[in-house]
Amino acid sequence: MSAPSMTLFHNPASPFVRKVRVLLAETGQQNRVALQLCMPTPVNPDVQLVNENPVGKIPALRLADGTVLHDSRVILDYLDHQHVGNPLIPRDGSARWRRLTLASMADAIMDAAVLVRYESALRPPEKHWAPWLDEQRHKIRRTLAELEADAIAELASHFDIAAISVACALGYLDFRHPDLHWRDANPQLAAWYAEVSQRPSMLETQPPV
Ligand code: BEZ
C-alpha cells in the first residue's frame with residue numbers, strides 16, 4: 001500500500017467533513033488521504049488550518065502538489081473525478097442538477113444545525129438570540145418536510161452525493177440536536193436512514209460519542 005498523497009483537514013464532529021469521508025469510503029479512496037485533526041471555532045481559528053485555507057473552515061484537502069481545495073462541495077467533486085467506479089455526482093443532464101439540489105438542501109440543514117450548535121454551546125446564554133435560533137430550527141424542519149414529501153424514492157435509488165449528504169445531515173441532527181426529534185414528523189426519512197446508517201462508510205465515520 002502506498003503512502004497517502006493527500007491531507008484532509010478534519011474534525012470528526014463536522015458533518016461537512018463526514019460527507020467527504022463517506023465518499024472516500026464509498027469509492028475506495030480512504031488510503032489516499034491522511035487525516036489532520038483541526039479544532040476551529042467561530043472565535044478561535046485553527047492556526048495550521050488558516051495557513052492552508054484563509055477561510056479557516058473544514059474540510060480542506062491538500063493535494064500532492066500543495067494545492068488546497070475547499071469547501072466540501074469542491075472536494076467532493078474533485079474526489080469523484082479520481083476513481084474509476086460510477087460517478088457519485090452525475091456529470092450532466094437533469095440528474096446532475098436534481099441530485100446537487102438535494103445535496104444543497106442537506107447542506108442547508110447542516111449549516112443551520114451547526115449554527116444552532118455554536119450559538120447554544122459557545123455563546124453566553126444571556127446573549128442567545130431566540131428568534132434567530134427558532135428560524136434556524138424552522139429551516140431544518142421545513143427542509144426535512146420537503147425531503148420527506150418529495151425525495152424518499154430518489155434518496156433510496158442510490159447512495160450518491162444526494163443520499164450521502166442527507167445521511168450526514170441526519171447523523172449530525174442525532175449527534176447534536178436529539179431534542180429536535182426529527183424522526184417524529186419524518187417516518188419515511190427515518191426508515192431510509194435506519195438502513196443507510198448501517199453502511200460501512202457511515203459506521204466508520206460516526207461522530208465521537
Ligand atoms: C461540532 O462540534 O458540532 C462541530 C465541530 C466542527 C465543525 C462543525 C461542527
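Counting convention: from 1, in listed order, for ligands and their atoms alike.
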Residues 175-192 vs salt bridge (Lys or Arg N to Asp or Glu O under 4.0 Å), sequence neighbours excluded, gives D174-R183

Using a 4.5 Å side-chain heavy-atom cut-off and chaining through intermediate ILVMFWY residues, the residues clustered with Y172 come out as F16, M110, V114, Y118, L122, F175

With side chain to side chain contact (heavy atoms under 4.5 Å, CB included) as the test, would you mind laying out the steps for R141 and N186 before giving the verdict?
CA-CA 9 Å; R141 291 200 187 92; N186 303 288; over 6 Å; no

Between H10 (side chain only) and P59 (backbone N and O only), is there a donor and an acceptor less than 3.5 Å apart?
no

N/O pairs closer than 3.5 Å, ligand 1 and protein:
from, atom 1, to, atom 2, distance (Å)
ligand 1, 2 (O), R176, NH2, 2.7
ligand 1, 3 (O), Y172, OH, 2.6
ligand 1, 3 (O), R176, NE, 2.9

Identify the two heavy atoms, one from Y78 and one from M6, that lie closest to each other, and give their separation to 0.1 Å.
CE2-SD, 4.0 Å

According to the salt bridge (Lys or Arg N to Asp or Glu O under 4.0 Å) rule, which pairs have a member within residues 25-42, sequence neighbours left out?
E26-R199

